[in-house]
Colleague: 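Sharing a structure with you now.
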There are 2 protein chains.
Amino acid sequence: MPDSLDLPGLTALIARSRPHYRTATEFVEAAMREAILAGTLPAGSPLRQEELAAAFGVSRMPVREALRQLEARALVEFHPHRGAVVAEISAEDSADIGAIRAALEPAALRLSLPRLTPEDFALAAELIAEMDAESDPGRMGELNRRFHMTLYARAGRPRLLALVEQHLAAADRYLRFQFAALGYHPRSQDEHHALLAACRAGDADAACEAVTRHVLQAGDLLAAFLRDRA
Amino acid sequence: MPDSLDLPGLTALIARSRPHYRTATEFVEAAMREAILAGTLPAGSPLRQEELAAAFGVSRMPVREALRQLEARALVEFHPHRGAVVAEISAEDSADIGAIRAALEPAALRLSLPRLTPEDFALAAELIAEMDAESDPGRMGELNRRFHMTLYARAGRPRLLALVEQHLAAADRYLRFQFAALGYHPRSQDEHHALLAACRAGDADAACEAVTRHVLQAGDLLAAFLRDRA
DNA sequence: TGCGTGGATATTGGATCCAATCTAACGATC
DNA sequence: GATCGTTAGATTGGATCCAATATCCACGCA
């Protein structure tokens with residue numbers, strides 16, 4: 001894990017998205033969350049308040065508030081008088097996240113499935129195809145997330161979906177490492193195809209079973225990877 | 001909803017628990033979360049930073065950081081330049097929370113059930129009995145939460161349990177109103193007894209079904225109450 | 001040479017200060 | 001009498017300042 005953070009990676013986001021936010025705190029929080037989830041700020045990175053403030057062009061205060069929000073989301077950890085770091089995920093945590101996803105995602109899918117449209121299916125298929133062509137691990141995570149969320153989107157339960165996305169993203173933060181360690185994962189793509197097919201057929205039970213298996217599979221891969229690394 | 005907040009209710013907590021925390025921010029966040037979940041700070045209460053700071057005996061800064069953390073947990077809402085208020089729950093939200101609980105709690109129970117001990121069952125039974133005797137709606141919520149969490153506690157999944165507790169608490173914030181509006185709810189207690197019996201019998205399927213029904217039932221009650229109030 | 005102590009430095013946690021903006025009251029005008 | 005504009009007050013958002021604590025390196029001593 002790098003000692004200093006990828007500020008160039010941030011500055012792009014910054015200039016682009018700053019005007020959309022009304023308060024600096026909001027803006028910093030959103031940008032940092034994106035950066036953490038996308039892997040721009042890898043797990044373990046120390047987060048120097050002064051440094052971040054300079055990068056964002058604000059004072060330390062909005063940074064501190066943003067860090068506190070991210071702490072509440074379990075994305076960063078505070079060590080009193082020693083600063084904040086991007087939260088590491090342990091093998092234990094990954095099992096936890098797997099269990100949460102295995103509970104939430106089938107529920108979201110079951111609510112969403114009856115309302116999915118042909119356009120949704122087409123989009124999902126396209127995202128699978130894009131994943132086939134994608135080689136950048138950072139982009140893979142985003143495509144994977146969008147594929148899953150496309151299938152759940154019609155659930156009409158914003159809080160549930162936010163929770164699903166949050167845990168999907170938490171798992172995906174490590175996808176890039178799996179990607180690097182294991183190479184391309186055709187098995188995962190097979191599961192995506194199977195899942196989409198079940199959805200198209202309108203078979204809720206089969207679809208839920210497919211997504212459950214897929215999630216548990218991903219959790220096992222992640223846990224195995226984390227054990228290896230340790 | 002009251003215009004000013006119940007500071008006396010807070011000051012008790014404050015003197016008692018302050019020494020346990022290393023930083024003021026941690027302390028303020030924990031105390032305010034407790035106060036919100038217990039209903040001491042009812043939904044809709046405006047949260048004046050200056051006022052809270054004085055009540056906690058700190059400056060506005062730890063209060064601001066604590067409020068940001070609570071915002072990330074969806075317990076308070078910020079309106080730029082207009083301050084924070086304790087988050088209201090809508091009928092829509094309550095359906096959302098019901099769906100989340102219905103997904104998470106059976107999963108937690110299924111993991112926990114095989115490891116529950118006779119002591120756990122005894123504690124759960126005692127909590128049900130205490131609920132029978134309890135007349136204070138504020139305490140009811142806490143007993144209800146502890147009853148549920150006792151059954152899930154052996155799941156060995158800290159993040160999952162934290163998520164369950166968070167949503168259980170979110171639903172319980174309104175229990176006091178249901179309590180007042182509907183009087184005592186024997187039906188809920190019947191469900192508690194049925195749930196505990198299924199757990200004691202080690203019947204995971206029956207227990208999960210019981211908890212699912214109980215959760216959905218609570219969600220319906222809450223949604224109905226919220227609609228009535230509007 | 002290795003270990004423990006002590007001070008310099010860096011960085012955070014918390015307090016205070018200033019500017020931006022929202023609210024509300026008051027008065028003028030139709 | 002009602003409505004709109006203006007202005008004073010209150011409150012937040014953000015910047016700066018100070019104190020507390022942890023880290024790190026040098027130095028002394030066994």
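Values below: every heavy atom of this structure, side chains too, minus hydrogens, waters and symmetry copies. To find a chain, count down the sequence lines: A is the first, B the second, and so on, and within it residues start at 1.
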Colleague: Do the side chains of A:Thr40 and A:Ile36 get nearer than 4.5 Å, heavy atoms only?
Modeller: no
Colleague: Hey, is the side chain of B:Arg60 pairing donor to acceptor with the base of C:dG14 inside 3.5 Å?
Modeller: no
Colleague: Send over the distance from B:His81 NE2 to D:dT12 P, rounded to a whole Å.
Modeller: 11 Å
Colleague: Whether the A:Glu71 and B:Gln69 side chains hold a donor-acceptor pair (N or O, under 3.5 Å, no angle test) is what I'd like checked.
Modeller: yes
Colleague: We want to know whether B:Thr117 and B:Glu119 form a side-chain donor-acceptor pair, criterion being a heavy-atom distance below 3.5 angstrom.
Modeller: yes
Colleague: Starting at atom CG of A:Leu52, determine the distance to atom C1' of C:dT11, rounded to an integer number of angstrom.
Modeller: 13 Å
Colleague: With the side chain of B:Arg82 defined as its heavy atoms from C-beta on, choose the nearest nucleotide among C:dC22, D:dG13, D:dA22.
Modeller: C:dC22
Colleague: Take A:Glu26 and A:Pro80, find for each the nucleotide of DNA chain D with the closest heavy atom, and name the residue whose nucleotide sits nearer the 5' end.
Modeller: A:Glu26
Colleague: In terms of ring plane angle, is the pair B:Phe27 and B:Tyr21 parallel, tilted or perpendicular, where the classes change at 30° and 60°?
Modeller: tilted
Colleague: Would you mind classifying the nucleic acid contact of B:Gln49 as base, sugar-phosphate or nothing, using non-hydrogen atoms under 4.0 angstrom?
Modeller: sugar-phosphate
Colleague: Could you tell me how far apart A:Arg22 (CZ) and D:dG13 (P) are, to the nearest whole angstrom?
Modeller: 11 Å
Colleague: B:His79 has an atom NE2; how far is it from atom P of D:dG13, in whole Å?
Modeller: 11 Å
Colleague: Return whichever of A:Ala84 or A:Met61 has its heavy-atom-nearest nucleotide of DNA chain C closer to the 5' end.
Modeller: A:Ala84
